[in-house]
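Below is one structure; the comments refer to it alone.
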Amino acid sequence: MKKVLIATVKPFAAAAVNEIKKVLDNAGYEMVLLEKYEDNSQLLEAVSDVDAMIIRSDKVTKEVLDAANNLKIVVRAGAGYDNIDLDAATEKGVVAMNTPGQNSNAVAELALGMMVYMARGKFNGKAGSELKGKSLGIHAFGHVGRLVAGIAKGFGMNVLAFDPFLSSGVIEEAGVKAVDSAEELYTASQYISLHIPANERTKKSINFELLNKMPEGATLVNTARKEVVDEDGLMKMFAERTDFRYVSDIAPDNAEEIAAAYPDRHFFTPKKMGAQTAEANINAGIASADQIVNFFENGDTTYKVN
Ligand code: 3PG
């Protein structure tokens, strides 16, 4: 009987775990649940005899892979897989997958929710501003970026997008103005919503030079990864541009410094909340379980990322 570990420091909604169990039961697989673990040693122990593993932002390091004697596949229930050591997985012959698109709507709704929150002065009772008529630049037009564009158009925002991997035609087909460079996007956008992955090319790429191109009322919205923002540049932007605001679902390392110096110009969720809805958990959880069953039963590697 195949054993599938669900290892989640930040647990799925109970309904999602039930749905995952149904998929695994139907396949005749055993589900092992390790939620809210506090020490990596618990993960090392739990992974030792499982055939497959479902994770969220949980770190799958070389150490974890070395401790997993039977592991064939790890599925990141979500989009970003920067928490998996892909080289180590490949070396060990472990297939790594993600579940693209499954939690995107939840993330997109949070991005717009955080924009409204900042535009209304964090609901402080004073006159704020509206999103209608403001320009929004979407940095990377993947699953989340597209959904953000759709919702923002409903707010009456002027939406632009830049994606280095997509032709302008593909972006324009979605009814969004395409621009040719990140510089052009930031120059034209009062709001920027980040949807780039964290990798060697993108880390610290959102720097002062780029941010400072934004017009008056510059607000950076980050539901992607903290690593893509250059924190020195961020501090310089806060200091030099008194109009600049930063809202993020992933607090930067210097969050306390920002909170102390610029209390009204930032908001950071206490824990990454973007994909934290029952719907997103159910979608990504079921997709993960389905992908594992399909991999073992049919050799399907459609969402392999290594
Ligand atoms: C993702 O990459 O899918 C999101 O960042 C969600 O991460 P989470 O599963 O840890 O909430």
Side-chain angles (χ1 to χ4, degrees), residues 4-17 19-20 33-38 40 43 52-61 64 74-86 89 96-114 138-148 163 193-199 201-203 206 220-229 247-253 255 267-292 302-306:
V4 181
L5 173 68
I6 302 180
T8 47
V9 166
K10 188 174 60 184
F12 289 123
V17 177
E19 294 301 319
I20 294 171
L33 198 55
L34 176 69
E35 291 181 325
K36 294 187 189 171
Y37 54 95
E38 283 165 3
N40 202 42
L43 178 60
M53 184 180 185
I54 297 173
I55 53 158
R56 296 188 63 179
S57 288
D58 307 78
K59 288 197 171 41
V60 177
T61 57
V64 171
V74 52
V75 181
R76 192 278 189 249
Y81 43 85
D82 46 311
N83 49 325
I84 304 176
D85 185 333
L86 293 183
M97 292 186 183
N98 66 347
T99 64
Q102 299 292 345
N103 59 17
S104 306
N105 189 66
V107 180
E109 286 190 10
L110 184 74
L112 267 295
M114 292 200 301
I138 299 188
H139 195 161
F141 205 62
H143 291 281
V144 183
R146 279 173 183 271
L147 289 164
V148 168
D163 191 315
S193 192
L194 294 175
H195 303 292
I196 53 177
N199 55 40
R201 204 182 39 82
T202 60
K203 281 179 189 166
I206 311 306
L220 179 66
V221 182
N222 187 359
T223 53
R225 291 290 181 269
K226 70 175 179 183
E227 292 84 358
V228 301
V229 176
V247 277
S248 182
D249 190 25
I250 329 89
D253 293 335
F267 172 71
F268 307 135
T269 52
K271 207 177 229 185
K272 190 159 59 146
M273 291 289 296
Q276 261 318 48
T277 66
E279 293 90 335
N281 289 174
I282 290 169
N283 293 342
I286 292 177
S288 303
D290 278 339
Q291 286 172 215
I292 286 170
T302 303
Y303 296 105
K304 187 170 183 270
V305 293
N306 64 332

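Numbering of ligands and ligand atoms starts at 1, following listing order.
Summarising the contacts of atom 7 (O) of ligand 1 with Arg76, Arg56, Lys10, the nearest heavy atom is found in Arg76.
Within the model, atoms CG of Asn283 and OG1 of Thr277 stand 7.5 Å from one another, a figure rounded to the nearest 0.5 Å. Distance check, rounded to the nearest 0.5 Å: CG of Leu5 to CD1 of Ile54 gives 9.0 Å.
Listed by atom number, the atoms of ligand 1 under 4.0 Å from Arg225 heavy atoms are 1 (C), 2 (O), 5 (O). Shown in contact with Ala79 at under 4.0 Å from a heavy atom are these atoms of ligand 1, numbered in order with element: 1 (C), 2 (O), 3 (O). Applying the 4.0 Å criterion to heavy atoms of Ala275 picks out, from ligand 1, the atoms 6 (C), 11 (O). Atoms of ligand 1 lying under 4.0 Å from any heavy atom of Gly80, numbered from 1 in the order shown and given with element: 1 (C), 2 (O), 3 (O). Atoms of ligand 1 lying under 4.0 Å from at least one heavy atom of Gly78, given by number and element, are 3 (O).
In terms of protein heavy atoms, atom 10 (O) of ligand 1 is closest to Ser57 OG, 2.5 Å. For atom 5 (O) of ligand 1, the closest heavy atom belonging to the protein is Lys272 NZ, 2.7 Å.
The number of heavy-atom neighbours closer than 6.0 Å to OH of Tyr303, taken from other residues, nucleotides and ligands shown, is 12 or below. Within 6.0 Å of the NZ atom in Lys59, the count of heavy atoms belonging to other residues, nucleotides or ligands does not exceed 12.
Proximity of Asn103 to ligand 1, defined as any heavy-atom pair under 4.0 Å, is confined to the side chain (atoms from C-beta onward).
Not one N or O on the side chain of Asn98 forms a donor-acceptor pair closer than 3.5 Å with the backbone of Tyr81. Using modelled atom types, no side-chain atom of Asp249 and backbone atom of Phe268 make a donor-acceptor pair closer than 3.5 Å.
Taking all atoms of both residues into account, the shortest heavy-atom contact from Gln276 to Pro11 is NE2-O, 3.9 Å.
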